[in-house]
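Just so we're clear, the structure is a prediction, and the values are computed from it rather than from any experiment.
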Amino acid sequence: CKAMKPIYFQLSTALAATFALGASVACAQQSDPQGDEPAAAIAAQAEDSSAKSPTSGAWTYISEPAETFAYFGDRANPADRTFMLRCDRMAGQVWLARGSQTGTSLIFHIRTETRDRVLTAEPIPMTEFAAIALSPNDPLLDAIAYSNGHFAVETEGLETLVLPVWGEVSRVIEDCR
């Protein structure tokens, strides 16, 4: 029995070192070189966004050979689609798009439970959408997919969208990975 005690000591030391290393990696990952706001500021802003009423509508998933879509809006009236995620498989990009009739660039302020990012969306010719393309591995997409129930899209001059996180959102993101 006494011969086993040093093994337990070594095992417990190794486990403690593993957990300490894991904790330090997790802390290092919280600082984001892409310019996301600090976690404390996001938490305060997330409370503000979560206080807003959810946007009415539902997600609809559409799969085509070269792309997949998740549209949010009124299922009965496709003209009332207010937000879209699109996986362009050929380009390897996930597009975030919002309905807009301005024909100009829009500033999207995307708020999730863990991330907060400002993006500039450009108008899509011959549509009523403005969009921004992201890499499928962009941390913002994971933050959207794993957000606690909803995420918000704030756009100056337009109603804030508080959108539910349903399976369609994750499915489009995963289609591009």
**Q** Less than 4.0 angstrom from a charged side-chain N to a carboxylate O is my criterion; do Arg177 and Glu174 meet it?
**A**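 Answer for the salt bridge query: yes.
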**Q** Distance-only criterion, 3.5 Å: show the donor-acceptor pairs between side-chain atoms of residues 127-134 and protein atoms not counting sequence neighbours.
**A**
residue: Thr127; atom: OG1; partner: Ile124; partner atom: O; Å: 2.8
residue: Thr127; atom: OG1; partner: Phe129; partner atom: N; Å: 3.2
residue: Glu128; atom: OE1; partner: Gln101; partner atom: NE2; Å: 3.4

**Q** The test is side-chain contact (heavy atoms from CB on, under 4.5 Å); show your working for Glu156 and Ile107 and say whether it passes.
**A** CA-CA 7 Å; Glu156 188 174 334; Ile107 303 298; 5.9 Å; no
**Q** Quick check: closest heavy atoms across Tyr61 and Asp175, and the distance to 0.1 Å?
**A**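 Minimum heavy-atom contact is OH-OD2, 2.6 Å.
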**Q** Between Ile62 and Met84, is there shared hydrophobic-cluster membership here, with clusters defined by ILVMFWY side-chain heavy atoms closer than 4.5 Å?
**A**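 As far as the 4.5 Å side-chain criterion goes, Met84 and Ile62 are connected within one cluster.
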**Q** Going from CZ on Arg117 to CZ on Phe108, what distance comes out if it is rounded to the nearest 0.5 angstrom?
**A**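 Arg117 CZ to Phe108 CZ: 13.5 Å, rounded to 0.5 Å.
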**Q** For the residue pair Glu64 and Arg89, what are the closest heavy atoms and their distance?
**A**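 Glu64 and Arg89 have their closest heavy atoms at O-NH1, 3.3 Å.
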**Q** Should Phe69 and Val172 count as side-chain neighbours, where that means a heavy-atom distance under 4.5 Å?
**A**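 A side-chain contact under 4.5 Å is absent here.
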**Q** Nearest 0.5 Å, please: how far is CZ in Phe72 from OG1 in Thr60?
**A**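 Thr60 OG1 to Phe72 CZ: 9.5 Å, rounded to 0.5 Å.
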**Q** Would you list the pairs meeting disulfide bond (SG atoms under 2.5 Å apart) in which at least one residue belongs to residues 71-177, sequence neighbours left out?
**A**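 Every disulfide bond (SG atoms under 2.5 Å apart) pair that includes a residue of residues 71-177, provided the two are not neighbours, is Cys87-Cys176.
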**Q** Under 4.5 Å between any side-chain heavy atoms of Leu85 and Ile173, yes or no?
**A**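 Yes, close enough: below the 4.5 Å cut-off.
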**Q** With rounding to the nearest 0.5 angstrom, report the CD1 to CG distance, Ile110 to Asp116.
**A**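 Spacing of CD1 (Ile110) from CG (Asp116) equals 9.5 Å.
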**Q** Can you tell me how the ring of Phe151 sits relative to the ring of Phe83, calling it parallel under 30°, perpendicular over 60° and tilted otherwise?
**A**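 Phe151 and Phe83: perpendicular rings.
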**Q** Would Val153 and Leu163 satisfy side-chain contact (heavy atoms from CB on, under 4.5 Å), going step by step from the backbone distance to the final call?
**A** CA-CA 8 Å; Val153 180; Leu163 305 171; 4.2 Å; yes
**Q** For residues Val94 and Asp138, determine if any side-chain heavy atom of one lies less than 4.5 Å from a side-chain heavy atom of the other.
**A**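 They are not in side-chain contact.
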**Q** Just so I know, are the side chains of Thr120 and Glu122 near enough to count as touching, which here means a heavy-atom distance under 4.5 Å?
**A**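 Yes, side chains in contact.
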**Q** Ignoring hydrogens and geometry beyond distance, is a side-chain donor-acceptor pair present between Tyr71 and Asp80 at under 3.5 Å?
**A**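 There is no such pair between these side chains.
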**Q** Are Thr160 and Glu154 close enough that a side-chain donor and a side-chain acceptor fall under 3.5 Å?
**A**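 Absent: no donor and acceptor within the cut-off.
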**Q** Do Leu106 and Leu158 pass the side-chain contact (heavy atoms from CB on, under 4.5 Å) test, and can you show the C-alpha distance, the side-chain angles, and the key distance before you say yes or no?
**A** CA-CA 10 Å; Leu106 295 177; Leu158 298 173; 4.2 Å; yes
**Q** Assess whether side chain to side chain donor-acceptor pair (under 3.5 Å) is satisfied between Arg98 and Thr155, documenting all intermediate values.
**A** CA-CA 9 Å; Arg98 176 161 188 177; Thr155 309; 3.0 Å; yes
**Q** Compare all side-chain heavy atoms of Leu141 with those of Val169 and state whether any distance is below 4.5 angstrom.
**A**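 Not in contact.
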**Q** Do you know which two heavy atoms are closest between Ala145 and Ser170, and how far apart they sit?
**A**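 Nearest heavy atoms, Ala145 then Ser170: CB-OG, 3.6 Å.
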**Q** Could you tell me whether the side chain of Thr55 and the main chain of Val162 form a donor-acceptor pair under 3.5 Å?
**A**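 Checking the backbone N and O of Val162 against the side chain of Thr55, a donor-acceptor pair under 3.5 Å is found.
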**Q** Does any part of the side chain of Gln93, heavy atoms only, come nearer than 4.5 Å to the side chain of Ser135, both counted from C-beta?
**A**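 They are not in contact (no side-chain heavy atoms under 4.5 Å apart), so the answer is no.
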**Q** Considering only heavy atoms from C-beta outward, does the side chain of Pro54 approach that of Pro164 to under 4.5 Å?
**A**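 Pro54 does not reach Pro164 side chain to side chain.
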**Q** Between Arg86 and Thr68, does any side-chain donor sit less than 3.5 Å from a side-chain acceptor?
**A**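 No, because no side-chain N or O of Arg86 sits under 3.5 Å from a partner of the opposite role on Thr68.
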**Q** To the nearest 0.5 angstrom, please state how far the CG atom of Asn148 sits from the CD atom of Glu113.
**A**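 CD of Glu113 is found 4.5 Å from CG of Asn148.
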**Q** I need the Arg111 CZ to His109 NE2 distance, nearest 0.5 Å.
**A**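 Atom-to-atom, Arg111:CZ and His109:NE2 are 3.5 Å apart.
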**Q** Shortest non-hydrogen contact from Trp166 to Trp59?
**A**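 For Trp166 versus Trp59, the nearest heavy atoms are CZ3-N, 3.4 Å.
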